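Working notes, beginning with the structure itself.
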Amino acid sequence: MKSIIVVGAQWGDEGKGKIVDIYSEFADTIVRPTGGNNAGHTLVVKGEKFVFHLIPSGILHAGKKCVVSNGVVVDPKVLLMEIGRLKERGYLKDDGQLKVGLLANIIFPYHISLDKAREEKLGNRKIGTTARGIGPCYEDKIARVGIRACDLVRPKALEEALRANLDMKNFLLEKYYGAEGVPFQATYDEYLAYGERLKPYLIDTSLFINEEIQRGAKILFEGAQGTLLDIDHGTYPFVTSSNTTAGGACTGSGVSPTKIRGVIGVSKAYATRVGGGPFPTELLDEEGQAIRDRGNEYGSTTGRPRRCGWFDAPVVRYAHRLNGLAGVALTKLDVLSGLARLKVCVAYEIDGVRREEVPLSLAEFEAARPVYEQVEGWKEDVSSAREFGDLPKAAQRYVRMLEEVTGVEISVVSVGADRNQTIIRKNPFRA
Ligand code: GDP
Ligand code: IMO
Ligand code: MG
């Protein structure tokens, strides 16, 4: 058992891409098990920036296999664009490096139109989705009417499934939402062409990954979104439509939990969230703006400003409970440099009662007031620290305090966006 799952421990955008890129050096195969191009995973290598929406963040490591597995909802246009951009930049020279699941559900234009139309109708109760068609595509999968990658290379199957879907989707779009419908012929031709271009990558990814495991390969699963966005355990309905927690990596890729060695959670040294939903430690003042500015907290997928707030320990403890974290990779510690004092939420107060756990009801979560502990900040720039001992004493104390209040060891401290701006205290592939 040599395989590791990386998950987001907060509301997404924790820096999973950077951490996966670093761990990729020690893995053989990197797998995206869930989500779609709602994800935006950023890596910076020697000052050069890459943002991946579907392709695993290990792809820059030549010779490592990367898998987009069956649990991912794939927008073929976006995937092909990513493939093209990588090739332009001199990567993915060998097409055999990338594998895409034959059973992955495909995002069609009507999913995107429905996502947008539904959000518009919700008005100020909208979820704040990424408008990439993720929810409607997962709905079709669960309703057993989805069109999968294997159908794109079978013209007759595609025609039948697309006609049946459009019949219903166009009714919904035109009659219920008053939006534009999606034409059959143009969509059919477009998707058949995508199928042709994707054909070289399409395989039985569960078989491939399990054969890799059999021959002793180390698999790295790259979770998308974050624990609090999980469809079952997150701040429903302000969540995404997949299981973002560790179990989702197994079901999404067709790999048994018995093959997993451990799970690493990624968390920022503070908290952010994009879209609607409860966020108890949110800072709506100039301190929040200062964190947004220093941390460049604007979405990698949609460019939306991210909501910013203090570190929320009950949230990370919850992530620990749901994922069984062997360690936390703490990112963006550098962003906190220069703040005179920092606050850490250690519990909530709801209706005058102190609560240690994340509340399950949305109303309670929305009413939760953070109980803060204040800690001293540090002035020094920490971005060139490479050992824990290089950090100012106050920064070391902050990291240790986060370990105490979450109950999880902090195994990586990230002090900048670049691959090398990282302090690795423990390597999960070696531990
Ligand atoms: P992901 O979705 O979890 O992969 O995270 P995103 O890529 O959406 O957002 C994280 C952002 O923080 C990206 O712009 C990263 O380049 C950047 N980042 C990651 N780690 C650090 C860090 O330690 N310090 C700073 N300043 N930026 C970081
Ligand atoms: P990565 O992998 C942050 C959020 C959206 C919205 C909700 C539902 O980069 O961390 P959806 O389009 O999935 O139906 O939107 O989930 N969301 C993310 N927030 N990071 C992500 O991915 C996200 N993927 C979805 O903002 O609130
Ligand atoms: Mg992101």
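All values reported here derive from a predicted model rather than from experimental measurement. Ligands are counted one by one from 1 in listed order, and the atoms in each one are counted from 1 as well.
Heavy atoms from both the backbone and the side chain of N38 come within less than 4.0 Å of ligand 2. Under 4.0 angstrom from ligand 2, the non-hydrogen atoms of V239 all belong to its backbone. If you look at K16 next to ligand 2, the close heavy atoms, those under 4.0 Å, all belong to the side chain.
Across the listed options I19, N38, D334, D334 owns the non-hydrogen atom lying nearest to atom 25 (C) of ligand 1. Counting heavy atoms only, L229 comes closest to atom 17 (N) of ligand 2 of the residues T244, T272, V266, L229.
In this structure, the salt bridge (charged side-chain N to carboxylate O under 4.0 Å, His left out) partners of D95, at least two apart in sequence or on a different chain, are K87. Every residue two or more places apart in sequence or in another chain was checked for a salt bridge (charged side-chain N to carboxylate O under 4.0 Å, His left out) with K121, and none qualifies. In this structure Y91 satisfies the ring-ring contact (aromatic ring centres under 6.0 Å, His included) test together with F50, sequence neighbours excluded.
One side chain, S337 or W378, offers a donor N or O that lies under 3.5 Å from an acceptor on the other.
Looking at Q225 next to ligand 2, an N or O pair under 3.5 Å apart turns up. Below 3.5 Å of separation, one finds an N or O of G40 facing an N or O of ligand 2. Not a single N or O atom of R132, backbone or side chain, sits closer than 3.5 Å to an N or O atom of ligand 2. At least one N or O atom of D13 sits closer than 3.5 Å to an N or O atom of ligand 2. Where the criterion is an N or O separation shorter than 3.5 Å, residue side chain and backbone included, V274 meets it with respect to ligand 2.
Nearest to atom 23 (O) of ligand 1 among the protein's heavy atoms is S414 OG, 2.5 Å. Of all protein heavy atoms, the one closest to atom 15 (O) of ligand 2 is T129 CA, 3.4 Å.
A ring-centre distance under 6.0 Å is found for F108 and Y191. Aromatic pair Y23/F26: centroids not less than 6.0 angstrom apart.
Taking distances strictly below 2.8 Å, the protein N/O/S atoms close to the Mg ion (ligand 3) are D13 OD1, G40 O.
Short contacts between ligand 2 and A224, defined as distances under 4.0 Å to a heavy atom of the residue, involve ligand atoms 2 (O).
A salt bridge is defined here as a Lys NZ or Arg NE, NH1 or NH2 lying under 4.0 Å from an Asp or Glu carboxylate O, and E48 with R89 meets this definition.
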